[in-house]
Amino acid sequence: MASLKNSRALSLRIPEPRFRPGETADFSNLNISEAGVMPRPEVDTQPKDMRDLAYGLVRVLDKDGQAVGPWNPGLDIATLKRGLRNMMLTRVYDERLFRAQRQGKTSFYMKCTGEEAVSIAPAMVLNHDDMCFPTYRQQGILIARGYPIVEMMNQVFSNALDPMKGRQLPVMYSSKAHGFFTISGNLGTQFTQAVGWAMASALKGDDRIASAYIGDGSTAEGDFHHALTFAGVYRAPVILNIVNNQWAISSFQGIAGGEDAPFASRAIGYNLPALRVDGNDFLAVYAATQWAMERARSNLGATVIEHFTYRAEGHSTSDDPGRYRPAQEAKLWPLGDPIERLKNHLIHLGEWSDDDQQALHAELVELVRAAGKESESHGTLHAGDRPSVKTMFEDVYKEMDWRLIRQRQELGI
Amino acid sequence: MASLKNSRALSLRIPEPRFRPGETADFSNLNISEAGVMPRPEVDTQPKDMRDLAYGLVRVLDKDGQAVGPWNPGLDIATLKRGLRNMMLTRVYDERLFRAQRQGKTSFYMKCTGEEAVSIAPAMVLNHDDMCFPTYRQQGILIARGYPIVEMMNQVFSNALDPMKGRQLPVMYSSKAHGFFTISGNLGTQFTQAVGWAMASALKGDDRIASAYIGDGSTAEGDFHHALTFAGVYRAPVILNIVNNQWAISSFQGIAGGEDAPFASRAIGYNLPALRVDGNDFLAVYAATQWAMERARSNLGATVIEHFTYRAEGHSTSDDPGRYRPAQEAKLWPLGDPIERLKNHLIHLGEWSDDDQQALHAELVELVRAAGKESESHGTLHAGDRPSVKTMFEDVYKEMDWRLIRQRQELGI
Amino acid sequence: MNKPITKPTAATEAPETIKMNMIQAINSAMDVMLGRDPDVLVFGEDVGYFGGVFNATEGLQKKFGLNRCFDTPISEAGLIGTAVGMAAYGLRPCVEIQFADYIYPGYDQIVSEAARLRYRSAGDFWCPMTIRSPYGGGIFGGQTHSQSPEALFTHVAGIKTVIPSTPYDAKGLLIAAIEDDDPVVIFEPKRLYNGPFDGNPDNPVTPWQKIEGNDVPVGHYVVPLGKARIARAGNEVTVLAYGTMVHVAIASAETAGVDAEVVDLRTLSPVDIESITASVKKTGRCVIVHEATRTSGFGAELSALVQEACFYHLEAPIERVTGWDTPYPHAFEWEYFPGQKRIGAALKRVMEA
Amino acid sequence: MNKPITKPTAATEAPETIKMNMIQAINSAMDVMLGRDPDVLVFGEDVGYFGGVFNATEGLQKKFGLNRCFDTPISEAGLIGTAVGMAAYGLRPCVEIQFADYIYPGYDQIVSEAARLRYRSAGDFWCPMTIRSPYGGGIFGGQTHSQSPEALFTHVAGIKTVIPSTPYDAKGLLIAAIEDDDPVVIFEPKRLYNGPFDGNPDNPVTPWQKIEGNDVPVGHYVVPLGKARIARAGNEVTVLAYGTMVHVAIASAETAGVDAEVVDLRTLSPVDIESITASVKKTGRCVIVHEATRTSGFGAELSALVQEACFYHLEAPIERVTGWDTPYPHAFEWEYFPGQKRIGAALKRVMEA
Ligand SMILES: Cc1ncc(C[n+]2csc(CCOP(=O)(O)OP(=O)(O)O)c2C)c(N)n1
Ligand SMILES: Cc1ncc(C[n+]2csc(CCOP(=O)(O)OP(=O)(O)O)c2C)c(N)n1
Ligand SMILES: [Mg+2]
Ligand SMILES: [Mg+2]
């Protein structure tokens, strides 16, 4: 084949997002299926017979706020309102804590603005003792499960009542009682652990399942592959959620390979079923989670769900997205905002009004304000009370060994 | 969804091979496409338009030794004979070195019996300066590229002329001059490195491509995922060969997920084209490599090739496959032996006879015997000459630092 | 799950013992624990039907079923990561990494996860996981079957690091590790699997079965983590060693004619500082021996600890006899391996200092 | 490719210098090298258009193009593994790991591959790769943005480990690393990016731009690997330090009123044994300071080396002042961080011993 030699100089493709600061984002080329068009296979469908779902987009709420198609979970009004409230509370909470960081009350904060449905709908579908393995962007799970927001704030402020005893970065919650696994600062690791947890549950003949989260960018970590491999091989009862919010700090999803093939399609090579879902559509996320949960509980194994959403704000308080994407890109995102869309659905159903919305918002602001006051009374990062320094040496092991005892003495406490 | 709770106790699926020692293997359920039936897409086909090739099997040589179908590479007789000779030489080499290990002349040896086509056909397709990143089972590449077998033996015997200076386990060859990357004892790592090498070539506007190998079992390592991710994202000019010989030491391919979905289908989620090939069919492997090479050289990026073959002997000299699979399983493998099949093709073409075969075999045995004698005259692991102990401290870094100099002195050399 | 392990009732009569080699002792530890505790399970590459490349798990799948002992994909990060999840669920996974040289792909799951769960969740989650892995040289395994990476684990707060040197200890420490509520890494000196090794490759190895005093209880017992053992009592110099080097050190003392006290550390982290200090204060001299590369090896920590605790008792510089700062070279097994000659010379040097 | 780098012609006149902070110096090193050598390239998570989360690569993509500076998927193993392949091809990749805490997924590619290529291929392949990564505490980064994992690298034969403490050194060492034909890991003390830090969080930080003598050449120069620097001359006790701790140690000597000689190691592996030995032989006392957890930290190796080389000169036990054997706790930044109080106390203790 020497004839081909020197035929052409090779070159590399370095993916770039279509728009950068100063340019105007344009999502009109985005090929988004209409609400209601994707079929809903039976939960015992063979993965090979439903590969198309990895390439479409499961959507329930249409432009008019109507719930349409086979994926409509048919929720009652109370559930819809609970969903709306949870999402709004999460957003109000985020806004206050973000400001608190700006006020120097903590070192760091991360919002999930625009992605509330992705954590809250699944948390409402699953049993409370199903174990979630979240990233730092699923605070909505705790809120939906009724974990007290004062406790969450205590963690963020590393104050005297911080359930993590001042050891963890803000937003790195943990609550076994709420089926919320301790968040890791190291991306991806929890994806494999969730599969292990689910394997354990299955090995013990338990009925609890696991639900794992990973970001679009983090799918590139090895843990993503390990999780899918083990989940496929052992048919583990786990839901593998990929939150594709299209950005990983400053890198767009193309840097993780998401432009060429949807992340959901990664499932195909492991013989896992994949659903690709409009992550800003509370009902679609709800229904997809139901499907995956039923599958897992019926011993049919794992499901990969890609939640297609958009990170509407900066990565964290340390980030300025205006440095790498158009300022108005978030506004132009065509799949809208999950809170707006669920609100419109309730209005469409005649069960809600803009006034109700405003009243609820005001109520939640007040609730969060009161919680904030209470939490701050127990200290914030640089002021007021904090956990006892002694505890710094505890929980490294179940029991302190001589080194830790000596070191505590060395510190003079 | 509380109704589902406690509906059923979960359980885990632990995959097991269909047959164990004492049982009779039966491959009749194996769904193998006929030779000649798989279509050959143009090399610039979009991956999404050729997903079926991940699930079929590209085959050229039929039962009668005839080359059929669109994948027939149409090789001339000289090339066919070269292929046959390379494969036979590799097998004869393996047999002698295996015996040498049994005679205590080295510590360890690994054969590639039954898998010769998978290394030799690609080595003949590619240019000699295309860089291969092999595992320990692609000694055929060196043989096809004319690396002296005496040198190979010197490495295996860790003798005075060992090009690796006694540092590497037997079979861990390296020859940059032959486009053969230093073999690692750590599974999988070379897969990502090959992508990096290919990226470098593309970045420099070079025309060389890379060819990487990984075993079926080793696809479970993170490196497999990293390689496919980077290859996809940057469209690197690399061929990603998966050698599915169905066993990873004692674990059958189902433990790596290969029974539920062919390894080739892993490519789909990364938007990479996949070919699944009869790895015991020299012509099919040859043609698939040509296709992938043309694609890479045309700046169209990487191809994943699954070579479906069978590990006809033990994993290594440390292994006894009779402990975990039926003794006669290898004999029953329906896709036969690559040497037999290419021989039959040449006979079918009227260009070869059993006598020719025997004569060639005798010639190669003699050639390997002579090389063995020559190599052994420079020492074997526990007898005769070996590299100077001084060299033990060299090449840790380009230059020895004070620690290595002192330590060499400490050893008194 | 994650419930306290039933402690053995105080033995009234001597337990039944038999002679086991180290592999059998390790196998017996897992056998005992699989039998006692339904939350214990064993998995890893080739450990199921096949019983492991060193036979450590032989027969366990047959006896306890697929659910208790099974093969995993070749993914050290995957098998350790899933084990972390299982341990967090409440099981006690005991996993095998086929060779210590292959533990690195799983390093992040060990260091960032297993070691951190309890601390970062303030005790909400923890990780009672055991990782077993054959390590060390002396078997012509070349650079990827001979490594001694223990120091890469002793540096990590939150895990315990254990290395046995006899079948009795191997079993008792492994049981202790499985029962421990924190993650434990046990490196098994593969050179000792079949019998003790004195460092001289020309001497025939006596199998453990023929070693006097090698009596291993068939049932449950524990060798506590964190406690060293005096492998050879002596007065002139303290040798700190673990794994294969314990036996080489004892032989070196004999051949060098130095009355060394050989301390077999057994647990490296947390190390038994009391036993170390007591011995060095008695002898006033210290030689540290390990197979791992010297720079930043565990010998460095031992040297620092001894110096800190026994400065005024030391009559000679502490010496380290270790593997060289190179990869482990296949053909130079005995030039790399710290043998009797090098250890003996160090013993004499510190005696003459 | 893999060709020798053109050595700078001997400067006849003093090179142009400007005041840079450490980030600018690091940026300048890459800028200079991208300009001089077409085989150098820079990549990592967020390093391209965005210029890195600490701005270390700011402007490089714009100046040198996408092919020379680009973003990678979030896969430390993938980006280091591809860098190994590129280095084997003949390029000189300089990659960023966003925080040292996230280097573990790439650990296998560093330890088993980058560090081994040259040795295992007997010089047939080698790996001129540089890994840069911000490390260390003092910024309220909590346990996964504050780690100091240097000892996990100093133990690995085949790689060099470097830690600068000034903008001048950061640039000169990084250029040396990129030009080095072996893999080099450079940990950058992120606490020092903007200005030196004396360990007292209540003191305002003076930016590097206002620090007298902080003159960084705008062009090419090299600070050789393997050579320490006397950061503060003194006679009473030697302090061995690197990174942020160099500045804290100097301040501690002042506030404690001890005439300490502070040796800034700059390269940890291979460490400058001559400078260390000369200083300790002069002072007879030694305190070692680092942020990393104590057990098996690099301080252990330093303690062992000093003890081995200077046993008969030591008038007091060598002390280690280090991070505790715990993860780095968010709220206890200053209780964990080895500050002036603890270092000062150690200085006084060794003076009184
Ligand atoms: C192993 C590891 N590498 C890098 C980082 C630094 N980091 C933190 S968040 C982040 C981006 C993650 O993006 P994505 O997975 O898409 O999640 P998102 O933030 O969008 O929710 C990076 C690179 C880390 N925390 N851990
Ligand atoms: C990282 C790592 N883990 C485990 C091993 C031990 N090991 C060596 S070969 C092998 C089986 C590999 O099987 P496969 O990838 O199918 O290749 P094959 O031997 O069949 O060619 C294992 C587990 C290793 N060498 N490296
Ligand atoms: Mg994202
Ligand atoms: Mg195989």
Side-chain angles (χ1 to χ4, degrees), chain B residues 11-12 14-17 20 106-108 157-159 162 164-170 172 184-189 215 217-224 248-252 255-257 315 318-319 323-324 379 381-382 386-387 389 391-396 401 403-404 407-408 410-411 413, chain C residues 43 45-55 58 61 65-79 98-99 101-102 104-106 108 139-147 201 293-295 321-336 341-342 345-346:
Chain B
S11 65
L12 208 63
I14 319 251
E16 271 292 287
R20 285 296 194 188
T106 187
S107 59
F108 181 75
F157 292 138
S158 296
N159 70 18
D162 173 7
M164 306 297 91
K165 298 188 181 162
R167 294 182 193 147
Q168 266 285 35
L169 209 63
M172 300 294 184
S184 178
N186 299 63
L187 295 172
T189 47
S218 307
T219 58
E221 292 285 5
D223 303 285
F224 177 78
I249 309 186
S250 76
S251 297
F252 83 120
I255 290 292
H315 172 72
S318 314
D319 184 37
R323 283 183 51 198
Y324 50 80
L381 182 57
H382 301 294
R386 56 176 192 155
V389 180
T391 62
M392 176 165 76
F393 298 94
E394 293 169 4
D395 294 326
V396 179
D401 63 42
R403 299 174 295 190
L404 292 160
Q407 290 174 17
R408 193 167 75 177
E410 236 176 286
L411 185 57
I413 50 168
Chain C
F43 55 95
E45 297 159 17
D46 300 294
V47 309
Y49 186 91
F50 187 54
V53 297
F54 288 105
N55 304 337
E58 191 164 337
Q61 180 177 85
L66 273 176
N67 267 6
R68 307 290 303 286
C69 176
F70 54 85
D71 285 348
T72 64
I74 303 175
S75 168
E76 292 73 17
L79 76 93
Q98 204 162 83
F99 285 87
D101 318 62
Y102 306 139
Y104 309 119
D108 187 44
I139 56 139
F140 281 95
Q143 48 188 285
T144 58
H145 299 92
S146 306
Q147 291 173 35
T293 49
R294 180 169 309 171
T295 300
V321 184
T322 68
W324 310 119
D325 282 328
T326 74
Y328 206 118
H330 180 247
F332 306 121
E333 188 73 55
W334 307 121
E335 286 83 6
Y336 186 91
K341 196 169 145 211
R342 283 166 60 201

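Chain letters run A, B, ... following the sequence lines, proteins first, then strands; residues in each count from 1. Basis for what follows: all heavy atoms, side chains included, without hydrogens, waters or symmetry-related copies.
Of the atoms belonging to Ser75(C), heavy atoms from both backbone and side chain fall under 4.5 Å from chain B. If you measure heavy-atom distances from Glu76(C) to chain B, the contacts under 4.5 Å come from both the backbone and the side chain. Heavy atoms of Arg323(B) lying under 4.5 Å from chain C belong to its backbone as well as its side chain. Using a 4.5 Å cut-off between heavy atoms, His315(B) does not touch chain C at all. Residue contact with chain C, scored on non-hydrogen atoms closer than 4.5 Å, involves the backbone and the side chain of Ile249(B) alike. For Ile255(B), the parts lying near chain C are the backbone and the side chain together; criterion is any non-hydrogen pair under 4.5 Å. With a 4.5 Å cut-off on non-hydrogen atoms, Phe99(C) does not touch chain B at all. Only the side chain of Asp319(B) comes within contact range of chain C, with heavy atoms under 4.5 Å apart. Using a 4.5 Å cut-off between heavy atoms, Pro387(B) touches chain C through backbone and side chain atoms alike. With a threshold of 4.5 angstrom between heavy atoms, Tyr324(B) approaches chain C through its backbone and through its side chain. The part of Thr295(C) that comes within reach of chain B is its side chain, from C-beta onward, which places non-hydrogen atoms under 4.5 angstrom from that chain.
Nearest heavy-atom pair, Ile14(B) versus Leu66(C), reported as atom, atom and distance to 0.1 Å: CD1-O, 3.7 Å. Nearest heavy-atom pair, Ser158(B) versus Ala331(C), reported as atom, atom and distance to 0.1 Å: CB-CB, 3.8 Å. Considering every non-hydrogen atom in both Gln147(C) and Asp101(C), the closest pair reads N-OD2, 2.9 Å.
For His330(C) and Tyr336(C), the distance between ring centers is not under 6.0 angstrom.
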